[in-house]
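Just below is one structure, and these are the notes that go with it.
For reference, positions follow the sequence shown, starting with 1. Side-chain atoms are counted along with the backbone in the values below, which use heavy atoms only and exclude waters and symmetry mates.
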Amino acid sequence: MTHNHPYHLVDQSPWPLTGAISALMMTSGLILWFHTSNNNLLLIGGLLLILTITLWWRDVIREATFQGSHTSQVEAGLRYGMILFITSEVCFFFAFFWAFFHSSLAPTAELGVSWPPTGINPINPFLVPLLNTAVLLSSGVTVTWAHHSILSNNRNEAIQSLLLTVLLGLYFTALQAWEYIDSPFTIADSVYGSTFFVATGFHGFHVLIGTTFLFICLSRLTTFHFSNNHHFGFEAAAWYWHFVDVVWLFLYICIYWWGS
């Protein structure tokens with residue numbers, strides 16, 4: 001059914017409620033896990049969150065692709081929403097950079113009046129981190145290639161370039177996991193370890209989220225959900241991926257290179 005009004009009238013849905021419940025269960029479960037080593041509530045909350053995301057995403061795809069609910073006015077609202085979401089993510093990472101520079105620009109006596117703190121052997125920025133930089137920047141190129149292929153109705157190139165982007169995202173995650181395993185320090189090693197692992201770890205988590213976004217877009221692309229004038233789902237994922245690229249550049253320059 002195609003709507004003749006420009007408004008986004010949301011149908012009644014249980015997913016906001018189940019999403020909130022799963023978030024509460026995961027937060028409570030994480031605290032319970034830290035204190036009692038019992039992770040059952042955390043796992044149940046995580047499974048409920050995955051189920052909620054899957055079904056909510058299904059409903060949005062159905063609404064956009066098959067029901068004709070996403071008019072140009074609705075799409076404009078979705079664009080503003082995505083812009084505000086990415087802005088909130090910028091503020092999120094700004095807090096981590098603030099913590100890093102607060103400690104690194106004026107290291108205290110407890111840190112040995114030096115940065116990195118006394119006893120910390122930082123990761124060489126010209127080994128795995130530099131390779132990861134090349135991988136993520138390359139993925140930014142391939143996702144842009146995919147966008148231009150969609151705009152020009154070149155479906156085969158769009159699928160190839162988007163698949164390559166997903167593979168590069170997975171490769172980045174594997175390299176970062178290897179880097180963590182091989183790291184000469186841990187999150188418990190003073191404020192350096194805390195800021196390093198929290199900032200890079202949350203970025204890695206965002207890479208996984210972005211890779212999931214792009215994989216869903218790849219699945220939709222192969223089933224003819226996108227056209228050259230109706231593909232905001234992909235655009236939103238591409239915007240998010242470029243944001244992840246930019247954050248990594250700041251992480252690499254500030255924490256890996258300058259901070260070492």
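A donor-acceptor contact closer than 3.5 angstrom links the side chains of T52 and T18. There is no side-chain donor-acceptor pair under 3.5 Å between Y192 and S103. At a cut-off of 3.5 Å, with distance as the only test, no side-chain donor of T222 or R155 sits close to an acceptor on the other residue. Side chains of W248 and T133: a donor-acceptor N/O pair is present below 3.5 angstrom, by distance only.
The minimum heavy-atom distance linking P117 with S190 is given by the pair CG-OG, 3.6 Å. I255 approaches A199 most closely through the heavy-atom pair CD1-CB, 3.9 Å. Considering every non-hydrogen atom in both V90 and F243, the closest pair reads CG2-CE1, 3.7 Å. Summarising the geometry of E179 relative to P129, their closest heavy-atom pair is OE1-CG, 3.4 Å, with the distance given to 0.1 Å. Across every non-hydrogen atom of S114 and P107, the tightest pair is O-CB, 3.5 Å. Between W56 and P16, the shortest heavy-atom contact is CH2-CG, 3.8 Å.
Here the straight-line distance linking atom OG1 of T211 with atom CD1 of I216 works out to 11.5 Å at 0.5 Å rounding. In this structure, L47 CG and M26 CE are separated by 9.5 Å, a value rounded to the nearest 0.5 Å. For the atom pair CG of L48 and OG of S22, the computed distance is 4.5 Å after rounding to the nearest 0.5 Å. Atom OG in S194 sits 8.5 Å away from atom CG in D189 (nearest 0.5 Å). A distance of 13.0 Å separates CG of L167 from OG of S138, quoted to the nearest 0.5 Å. Of the inter-residue distances, the one linking E75 atom CD with H231 atom NE2 reads 8.0 Å to the nearest 0.5 angstrom.
No option in F202, F100, Y256, W115 other than Y256 meets the ring pair (Phe, Tyr, Trp, His ring centres under 6.0 Å) test with F196.
With Y252 contributing its side chain and P125 its backbone, the two residues share a donor-acceptor pair below 3.5 Å. With hydrogens and angles ignored, the 3.5 Å screen pairs no side-chain donor or acceptor of S28 with any backbone N or O of M25. Looking only at distances, no side-chain donor or acceptor of T36 sits under 3.5 Å from a matching main-chain atom of W33.
Within a 6.0 Å sphere centred on CH2 of W98, heavy atoms belonging to other residues, nucleotides or ligands number 12 at most. No more than 12 heavy-atom neighbours from other residues, nucleotides or ligands sit within 6.0 angstrom of CZ on F205. Remark: W15 CH2 is packed, more than 12 non-hydrogen atoms of other residues, nucleotides or ligands lying under 6.0 Å away. No more than 12 heavy atoms of other residues, nucleotides or ligands lie within 6.0 Å of CZ in F215, so this atom counts as exposed by the packing criterion.
Annotation: side chain of L249 is in contact with side chain of L137 (closest heavy-atom distance under 4.5 Å). Side-chain contact between S139 and Y171 is absent, with no heavy-atom pair separated by less than 4.5 Å. Using a 4.5 Å heavy-atom cutoff, the side chains of L175 and V135 are in contact. Counting heavy atoms from C-beta on, the side chains of N124 and L127 come closer than 4.5 Å. Contact check for Y240 versus L214: no side-chain heavy atoms found under the 4.5 Å cut-off. Counting heavy atoms from C-beta on, the side chains of I150 and F234 come closer than 4.5 Å. In this structure, the side chains of Q176 and T173 stay at 4.5 Å or more apart for every pair of heavy atoms. Using a 4.5 Å cut-off on side-chain heavy atoms (C-beta onward), L251 and F97 make contact.
Taking the six-membered ring wherever Trp is involved, the centroid distance between the rings of F185 and F197 falls below 6.0 Å. Checked against the 6.0 Å centroid criterion, the rings of F232 and W239 qualify as a close aromatic pair. No close placement of the H230 and H225 rings is indicated, their centers lying 6.0 Å or farther apart.
Using cut-offs of 30° and 60° for the angle between ring planes, the H203 and F172 rings count as perpendicular.
Using a 4.5 Å cut-off between side-chain heavy atoms of Ile, Leu, Val, Met, Phe, Trp and Tyr, with links allowed through other members, I86 and Y80 fall into different hydrophobic clusters. When the side chains of ILVMFWY residues are joined at heavy-atom separations under 4.5 Å, either directly or via intervening members, L208 and V143 end up in two distinct hydrophobic clusters. Cluster annotation: W178 and L170 are assigned to the same hydrophobic cluster (Ile/Leu/Val/Met/Phe/Trp/Tyr, side-chain heavy-atom contacts under 4.5 Å, transitive). Note: the hydrophobic cluster containing L131 also contains F126 (ILVMFWY, side chain heavy atoms under 4.5 Å, direct or indirect links). There is no path of hydrophobic side-chain contacts, each under 4.5 Å, that joins V113 to V191.
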Test side-chain contact (heavy atoms from CB on, under 4.5 Å) on V247 and F96 and set out the steps.
CA-CA 11 Å; V247 170; F96 299 143; over 6 Å; no
Does E89 form a side-chain contact (heavy atoms from CB on, under 4.5 Å) with H206? I'd like the steps, not just the answer.
CA-CA 10 Å; E89 293 284 271; H206 281 69; 2.3 Å; yes
Does I120 form a side-chain contact (heavy atoms from CB on, under 4.5 Å) with T118? I'd like the steps, not just the answer.
CA-CA 6 Å; I120 295 291; T118 303; over 6 Å; no
Trace of the side-chain contact (heavy atoms from CB on, under 4.5 Å) decision for R220 with T65:
CA-CA 10 Å; R220 296 187 65 192; T65 309; 2.8 Å; yes
Dump the intermediate steps for side chain to side chain donor-acceptor pair (under 3.5 Å) on N154 and S152, then the final yes or no.
CA-CA 5 Å; N154 192 333; S152 60; 5.2 Å; no
